[in-house]
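Down below is the structure, laid out as structure tokens.
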Amino acid sequence: MGALARALLPPLLAQWLLCAAAALASAPFTLPLRVAAATGRGAAPTPGPGPPTEPRADGLAFALEPAAGAANFLAMVDNLQGDSGRGYYLEVLIGTPPQKLQILVDTGSSNFAVAGAPHSYTDSYFDTKRSSTYRPKGFDVTVKYTQGSWAGLVGEDVVTIPKGFNGSFVVNIATIFESENFFLPGIKWNGILGLAYAALAKPSSSLETFFDSLVAQAKIPNVFSMQTCGAGLPVAGSGTNGGSLVLGGIEPSLYTGDIWYTPIKEEWYYQIEILKLEIGGQSLNLDCREYNADKAIVDSGTTLLRLPQKVFNAVVEAVVRTSLLYIQPMMGAGLNYECYRFGISPSTNALVLGATVMEGFYVVFDRARKRVGFAASPCAEIAGAPVSEISGPFSTDDIASNCVPALPLNEPVLWVVSYTLMSVCGVILLILIILLLLPSRCRHLPRDPEVVSDESSLVRHRWK
């Protein structure tokens with residue numbers, strides 16, 4: 001039989017009005033993934049005598065066996081602030097002497113960048129001139145997102161994460177000097193921490209990412225996990241709902257039940273495979289390839305659940321048809337009637353499980369085993385009622401064996417193709433220049449009376 005699957009229920013449609021939350025018996029929106037077996041909460045093996053155990057990607061063992069004591073997972077609990085609307089951010093110390101900044105946690109990009117100059121929407125920035133350990137790398141970088149962009153200079157410096165790590169680490173860092181729609185009104189962060197794979201790093205994948213540097217220097221397992229606790233709370237609140245980013249492992253106190261894993265299909269974004277969507281227990285009955293066109297990713301840097309246009313239209317129609325408008329209220333609308341926010345938007349290039357979905361779960365990014373895990377989060381509750389759930393198994397007999405369409409060439413491949421074509425063109429141009437510069441031997445040879453031009457030759461042979 002095919003792989004088992006579990007239905008994940010994201011919280012965005014379960015973020016209903018606070019006054020009605022306790023009366024709701026079940027959540028209306030299911031999001032099945034093709035998943036592997038769950039990792040239970042059984043006790044990890046006790047280390048015995050002998051050499052230290054190598055970091056392992058087997059779930060709970062991370063929390064109980066941190067590598068060489070470099071990471072303290074309990075100290076990482078509640079190290080995030082923020083909400084889904086303005087992002088979740090982590091306190092980081094950069095440079096010598098240390099400068100404190102708040103950094104947006106983004107699993108949908110791969111560059112570590114901070115404000116390098118004053119900006120009207122940020123309260124602080126990283127001044128490279130004040131750091132004795134900053135080293136410029138001599139090249140600039142530009143990064144564009146779905147919304148917003150920035151440009152800056154690349155260098156390296158020491159970074160300290162106050163909650164959870166002993167010591168500092170040398171990482172690549174971009175200082176932002178120009179931006180457009182990146183720093184926005186009301187935000188409380190000064191930079192961005194891209195936690196995706198190096199394939200997305202700019203200007204090229206050869207630039208080592210923050211997390212790759214941390215794994216190598218702190219000798220932690222190649223895994224991190226997130227719990228974000230803004231589910232069901234208005235996004236126009238204080239911006240301090242909080243959460244936890246566990247770098248290097250899994251913290252058992254941040255989830256309940258089992259962790260269910262789904263494979264990472266491609267190591268650039270955290271691309272997974274969505275099998276189907278259901279509204280009010282009824283499937284949308286779309287080909288599963290529609291959900292994954294052209295990719296489905298888990299991205300904490302995106303606020304909403306973004307759906308391909310065809311899927312978005314089907315979801316809206318289903319919600320209108322079933323009247324399951326359990327949506328959180330909009331704050332500060334300035335209207336005489338109540339207004340509600342629906343946490344989805346159409347997308348032209350991906351299905352994105354954004355922060356409003358991740359808020360319902362403890363999400364494990366297990367890079368070592370190339371999988372993403374989901375578990376129930378104890379903070380995703382309203383009046384004691386969970387806003388999300390994990391259920392299953394369910395039959396996959398009516399689902400295609402592969403719901404992911406053929407992947408387009410990603411950017412690293414395009415760079416290789418571009419450089420190859422440029423090299424070929426360069427060689428051809430060089431040959432032409434050499435031919436033009438070399439004297440023609442034919443001009444110095446005596447003319448053979450039997451040798452005629454091509455045109456006369458044609459005529460001559462024609463008459464023969």
Side-chain angles (χ1 to χ4, degrees), residues 55 62-63 65-83 86-107 111-116 122-128 130-135 155-176 187-195 208-230 238-254 300-301 362-363 365 379:
F62 287 148
E65 301 172 8
N72 183 343
F73 299 113
L74 286 177
M76 299 182 197
V77 173
D78 297 329
N79 61 354
L80 296 180
Q81 295 185 33
D83 56 41
R86 289 165 294 189
Y88 288 87
Y89 49 91
L90 173 74
E91 180 182 306
V92 173
L93 304 177
I94 306 175
T96 307
Q99 302 175 42
K100 182 171 70 173
L101 288 93
Q102 306 294 341
I103 309 298
L104 175 72
V105 178
D106 180 22
T107 62
N111 283 82
F112 177 43
V114 298
T122 62
D123 57 5
S124 61
Y125 67 96
F126 175 52
D127 187 351
T128 58
R130 290 171 46 204
S131 175
S132 62
T133 49
Y134 176 78
R135 299 290 180 270
E156 66 177 25
D157 209 336
V158 295
V159 168
T160 302
I161 304 174
K163 295 184 178 180
F165 284 92
N166 299 318
S168 300
F169 311 96
V170 179
V171 300
N172 291 314
I173 179 172
T175 47
I176 300 172
I187 63 169
K188 298 180 182 296
W189 41 267
N190 327 103
I192 186 169
L193 173 57
L195 291 174
E208 187 173 66
T209 67
F210 180 101
F211 191 66
D212 284 337
S213 298
L214 192 64
V215 169
Q217 296 175 46
K219 302 190 184 305
I220 58 173
N222 192 16
V223 64
F224 66 92
S225 52
M226 287 186 69
Q227 181 202 53
T228 49
C229 295
S238 64
T240 56
N241 296 331
S244 304
L245 172 65
V246 182
L247 296 167
I250 298 171
E251 172 49 47
S253 64
L254 300 180
S300 65
Y362 182 57
V363 185
F365 297 84
C379 74

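Only a predicted model underlies this, so the values are computations on that prediction, with no experimental measurement involved.
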For Val171 and Leu214: C-alpha separation, side-chain torsions, deciding distance, then whether side-chain contact (heavy atoms from CB on, under 4.5 Å) applies. CA-CA 8 Å; Val171 300; Leu214 192 64; over 6 Å; no
Check: [Y] main-chain N/O paired with [X] side-chain donor or acceptor under 3.5 Å:
| X | Y | answer |
| --- | --- | --- |
| Ser225 | Gly249 | yes |
| Trp189 | Arg86 | yes |
| Glu156 | Val170 | no |
| Thr96 | Ser131 | no |
| Asn190 | Tyr125 | no |
| Tyr89 | Ile187 | no |

Kindly indicate whether the side chain of [X], heavy atoms from C-beta on, has any atom under 4.5 Å from the side chain of [Y].
| X | Y | value |
| --- | --- | --- |
| Val92 | Leu193 | no |
| Ile220 | Phe211 | yes |
| Glu251 | Leu74 | yes |
| Ser244 | Met76 | no |
| Val158 | Thr160 | no |
| Val246 | Tyr362 | yes |

Roughly how far, to the nearest 0.5 Å, is the [atom2] atom of [Y] from the [atom1] atom of [X]?
| X | Y | atom1 | atom2 | value |
| --- | --- | --- | --- | --- |
| Ile103 | Leu90 | CD1 | CG | 8.0 Å |
| Ile94 | Ile173 | CD1 | CD1 | 4.0 Å |
| Leu247 | Met226 | CG | CE | 9.5 Å |
| Leu195 | Leu245 | CG | CG | 6.5 Å |
| Lys163 | Asp78 | NZ | CG | 7.0 Å |
| Gln99 | Thr128 | CD | OG1 | 8.5 Å |

Option among Ile192, Val159, Thr209, Asn172 that satisfies the side chain to side chain contact (heavy atoms under 4.5 Å, CB included) test with Phe112: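 Of the listed residues Ile192, Val159, Thr209, Asn172, the side chain to side chain contact (heavy atoms under 4.5 Å, CB included) partner of Phe112 is Val159.
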Do Tyr88 and Ser300 meet the criterion of a side-chain donor-acceptor pair at a distance under 3.5 Å?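 Absent: no donor and acceptor within the cut-off.
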Run the ring-ring contact (aromatic ring centres under 6.0 Å, His included) test against Phe165 and tell me which residues pass, sequence neighbours left out.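 Here the qualifying residues are Phe169.
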Where Ser124 and Ala115 come nearest, the two heavy atoms and their spacing: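 Closest pair (atom of Ser124, atom of Ala115, distance): O-CB, 4.3 Å.
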In terms of the angle between their ring planes, are Phe224 and Phe365 parallel, tilted or perpendicular, with boundaries placed at 30° and 60°?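 Parallel.
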Once side-chain contact (heavy atoms from CB on, under 4.5 Å) is applied, do any residues pair with Pro162, and if so which ones, sequence neighbours excluded?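 Listed in chain order: Glu91, Leu93.
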